[in-house]
Amino acid sequence: MDASTSKSIQPIRAVKGTRDLLPRDVTLWQKIEDEVRRTFGAYHFGEVRTPIIEPTALFARSVGEDTDIVSKEMYTFLDRSDESLTLRPEATASVVRAYIEHSLFNEGGVRKLYYIGPMFRRDRPQKGRYRQFYQIGAEVLGSSHPAVDVEVLEMLTLFLRRVGLRDFTLLINSVGDKNCRPQYLNALREALSGVKAQMCGDCQRRADTNPLRVLDCKVPADQPIIEALPHFIDYLDPECRAHFESVLTGLCAREIPYEIKPRLVRGLDYYTRTTFEIASGVLGAQNSILGGGRYDGLSEMLGGPPAPGIGFAIGEDRLVLAVEAAGALKPGHPLTAYVAWLGEAAGAAAAKLTRELRAQGITVETGYEDAKLKKSLGNASRLGAGFAIIIGEGELASGLYQVKDLTTGRQEAVEPARLAEYLTRA
RNA sequence: GUGAGCGUAGCUCAGCUUGGUAGAGCGCCAGACUGUGGAUCUGGACGUCGCGGGUUCGAAUCCCGUCGCUCACCCCA
């Protein structure tokens, strides 16, 4: 307790919906991100880092003016030069903007890009939902071939298994394209006009504003009505249908389990054809850990050349919750060794040893002041050290340091020159 | 934006119904044990009881307001 803490000044707290990730949390985040780099890298995706602030128009044009994200959840402000800027609520628009801005389409072939970073939406916070949240996403631009969809989903399922998730279901659907979607929407509106009066208040509103969202309603009483509404896959034009079937065939060939969910819809306007989602049961109401899909017209919407694309975004905060619940990815000893010393002469030797071990990349801690051995070993134990190295008068005289394995309790004398090897073998 | 629950020690919480000197466990510090941790025992430090106002001789407890957190709706990652 800091006795100097002022009682009269109110401490400043983190902004609502934002949070501090402390070292004990971050170790897990880093392991997940290491796995992203390993797995996505193996599929030849390159990392991009785009700005967190973007022109507001970028999201209005891509995500859609009438979506909840754009109409009521963005952090938008006027810059000092009266330019409207927005803290990015998602990153696909930024990646496509960068793809166009740097003419990456001129380099031939498809471009595979991924990103990890914070996004901002002014929702009401709850479990798995924050105003500053993190997404891990990947995009493939430059091909509309269904094999791309399949490869993306293959990479995704491999990644999830590698971070320890086992029980998850890939939900997949097709939402058609600009040719067949209007016909489906007409059919849906027509069907809704006859039944919406019997539905919940939210559905009556959605039936007019965004009929696709009616399909996502969770009110039990509405389910029989929703079951009877037309399915998008029955309205796909021949090209979209062939694409969808090809994707499903590819998934089967790779033994990737999936479930067709005709009612799967996405909240962003740019999606076309393949859409998908993976949910986890441990997350509470916000159970979707990732979502994504194809967005073949997006580049043109942003003033670029035709560049069909597909991508996904994983909610990293939610993934961390799911990985924790799965109990995988246990970190090892964050601290390899603690150097315990007795007396000033040993202190000098300890400082030298500590410096040398650290220079070799071994994580080592030591005490700043002379302390009883009991206290030093207690510190070592509390800090989770794998080993304690004991240096006192006897060790200085013999030239051999006592090394105690704190897991087994076994102890032996080791030459200082051999210590680095001794600590890192295993 | 709407609703509900909860704010008491560093952490997890009890105490509130029926107002009467702020508690427990864990953690932390020290000692028992003057060079051997995790166990045990003993002792110790740390609290504007979220904040403001009201009722009362007296409020953690009752009332009003307010802020914060959490969960849910909504929406989405």
Side-chain angles (χ1 to χ4, degrees), chain A residues 1-3 5-11 13-17 19 63 67-73 88-92 116-137 200-203 205-206 209-210 213 216-219 264-268 276-280 283-293 311-322 338 340-343 346 370-396 402-411:
Chain A
M1 179 55 63
D2 180 358
T5 298
S6 170
K7 298 292 187 183
S8 58
I9 299 176
Q10 340 234 347
R13 306 168 50 90
V15 171
K16 181 197 281 285
R19 55 193 184 140
V63 174
T67 59
D68 278 17
I69 292 174
V70 172
S71 66
K72 51 193 185 195
E73 293 174 1
R88 63 183 186 190
E90 63 112 43
T92 299
I116 302 173
M119 310 294 158
F120 303 84
R121 294 183 201 172
R122 201 180 179 291
D123 267 342
R124 187 80 170 260
Q126 70 184 77
K127 187 179 179 70
R129 190 170 76 187
Y130 307 96
R131 290 182 172 184
Q132 176 176 336
F133 61 103
Y134 292 79
Q135 287 190 335
I136 297 165
C200 70
D202 283 326
C203 280
R205 173 178 54 77
R206 293 185 193 112
T209 59
N210 195 348
R213 294 239 64 90
D216 220 16
C217 176
K218 297 173 193 79
V219 175
L264 179 68
V265 291
R266 312 249 90 244
L268 290 73
F276 55 89
E277 180 176 312
I278 290 179
S280 162
L283 296 178
Q286 307 302 314
N287 63 355
S288 170
I289 64 176
L290 87 250
F312 60 81
I314 302 170
E316 191 172 7
D317 310 75
R318 293 179 186 178
L319 179 63
V320 167
L321 287 173
Y338 187 97
W341 52 275
L342 296 136
D370 203 358
K372 293 176 182 173
L373 183 59
K374 185 178 180 61
K375 181 172 171 59
S376 296
L377 289 177
N379 282 340
S381 186
R382 181 171 50 81
L383 294 171
F387 295 90
I389 300 166
I390 301 167
I391 309 177
E393 284 180 23
E395 286 72 23
L396 290 180
Q402 290 293 322
V403 180
K404 180 166 188 169
D405 183 323
L406 292 174
T407 308
T408 64
R410 291 185 48 176
Q411 181 171 324

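Note that the structure is predicted; figures quoted are calculated from it, not measured. Letters go in sequence order (proteins before strands), and every chain restarts at 1.
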Undergrad: Report yes if some heavy atom in the side chain of A:Ile289 is under 4.5 Å from a heavy atom in the side chain of A:Leu283; otherwise report no.
TA: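 A:Ile289 vs A:Leu283: side chains touch.
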Undergrad: Decide, yes or no, whether a salt bridge links A:Asp317 with A:Arg129 under the criterion of side-chain N to carboxylate O below 4.0 Å.
TA: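 Result for this pair is no, no salt bridge flagged.
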Undergrad: Is there a Watson-Crick or G-U wobble partner for B:rG27 with both distances under 3.5 Å, and which nucleotide is it?
TA: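 Its partner is none (no Watson-Crick or G-U wobble pair with both distances under 3.5 Å).
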Undergrad: If I take atom CD1 from residue A:Ile278 and atom CG from residue A:Asn287, how far apart are they, to the nearest 0.5 angstrom?
TA: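 So the gap between those two atoms works out to 12.0 Å.
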Undergrad: For atom P, what is the distance between B:rC57 and B:rC67, given to the nearest Å?
TA: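 That atom pair is separated by 32 Å.
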Undergrad: Taking atom C1' in both B:rU21 and B:rA39, what distance in whole Å separates the two?
TA: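 Their C1' atoms lie roughly 37 Å apart.
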Undergrad: Might you work through the side chain to side chain contact (heavy atoms under 4.5 Å, CB included) test for A:Ile390 and A:Gln411, ending with a clear yes or no?
TA: CA-CA 10 Å; A:Ile390 301 167; A:Gln411 181 171 324; 4.2 Å; yes
Undergrad: Can you tell me the base-pairing partner of B:rG47? Count Watson-Crick or G-U wobble geometry only, both distances below 3.5 Å, and say none if there is no partner.
TA: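 Pairing partner: none.
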Undergrad: Show your reasoning for whether side chain to side chain contact (heavy atoms under 4.5 Å, CB included) applies to A:Glu90 and A:Val63.
TA: CA-CA 9 Å; A:Glu90 63 112 43; A:Val63 174; 4.0 Å; yes
Undergrad: I'd like to know whether A:Thr67 forms a side chain to side chain contact (heavy atoms under 4.5 Å, CB included) with A:Leu268, so could you lay out the CA-CA distance, the side-chain angles of the two residues, the decisive distance to 0.1 Å, and finally the verdict.
TA: CA-CA 7 Å; A:Thr67 59; A:Leu268 290 73; 5.5 Å; no
Undergrad: Rounding to an integer number of angstrom, what distance separates B:rG15 and B:rC49 when you compare their C1' atoms?
TA: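 Pairwise C1' distance, B:rG15 against B:rC49, rounds to 11 Å.
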Undergrad: Looking only at atom C1', what distance separates B:rG19 and B:rG58, rounded to whole Å?
TA: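 Comparing C1' positions in B:rG19 and B:rG58 gives a spacing of 8 Å.
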Undergrad: To the nearest 0.5 Å, how far apart are CD in A:Gln286 and CZ in A:Phe133?
TA: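 Nearest 0.5 Å value for the CD-CZ distance: 11.0 Å.
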Undergrad: Now, which nucleotide makes the Watson-Crick or G-U wobble pair with B:rC69, with each of the two distances under 3.5 Å?
TA: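 In the structure as shown, B:rC69 has B:rG5 as its Watson-Crick or wobble partner.
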Undergrad: Name the pairing partner of B:rG20, where a pair is Watson-Crick or G-U wobble with both distances under 3.5 Å, or state none.
TA: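 Answer to the pairing question: B:rC57, which forms a Watson-Crick or G-U pair with B:rG20.
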Undergrad: Please report the distance separating the C1' of B:rC11 from the corresponding atom of B:rG7, rounded so that it comes out in whole Å.
TA: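 My reading of the C1' atoms in B:rC11 and B:rG7 gives 15 Å.
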Undergrad: How does each nucleotide of nucleotides 32-40 of chain B score, in 5' to 3' order, for protein heavy atoms under 4.0 Å: base (B), sugar-phosphate only (S), or none (-)?
TA: -B-BBBB--
Undergrad: Say you pick atom P in B:rA4 and the same atom in B:rC16; how far apart are they, in whole Å?
TA: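 My reading of the P atoms in B:rA4 and B:rC16 gives 25 Å.
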Undergrad: My understanding is that a pair needs two contacts under 3.5 Å, Watson-Crick or G-U wobble. By that rule, which nucleotide pairs with B:rU40?
TA: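 Paired with B:rU40, as far as the under-3.5 Å criterion goes, is B:rA32.
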Undergrad: Nucleotide by nucleotide, 5' to 3', does protein get under 4.0 Å of the base (B), only the sugar-phosphate (S), or neither (-) in nucleotides 71-77 of chain B, counting heavy atoms?
TA: SBBBBBB
Undergrad: In whole Å, measure the gap between the P atoms of B:rG23 and B:rC33 for me.
TA: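 Result for the P pair: 32 Å, nearest Å.
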Undergrad: Under 3.5 Å for both donor-acceptor distances, Watson-Crick or wobble: does B:rA14 have a partner, and if so which one?
TA: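 Partner of B:rA14: none found under 3.5 Å.
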Undergrad: Using the C1' atom on both, measure B:rU12 against B:rA30 and round to a whole Å.
TA: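 Straight-line distance between the two C1' atoms is 25 Å.
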Undergrad: Whether A:Asp405 and A:Arg410 form a salt bridge (side-chain N of Lys/Arg under 4.0 Å from carboxylate O of Asp/Glu) is what I want to check.
TA: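 A salt bridge is absent here (no side-chain N lies under 4.0 Å from a carboxylate O).
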Undergrad: For A:Glu393, give me all partners under side chain to side chain contact (heavy atoms under 4.5 Å, CB included), at least two apart in sequence or on another chain.
TA: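 Counting only residues at least two positions away or on another chain, A:Glu393 forms no side chain to side chain contact (heavy atoms under 4.5 Å, CB included).
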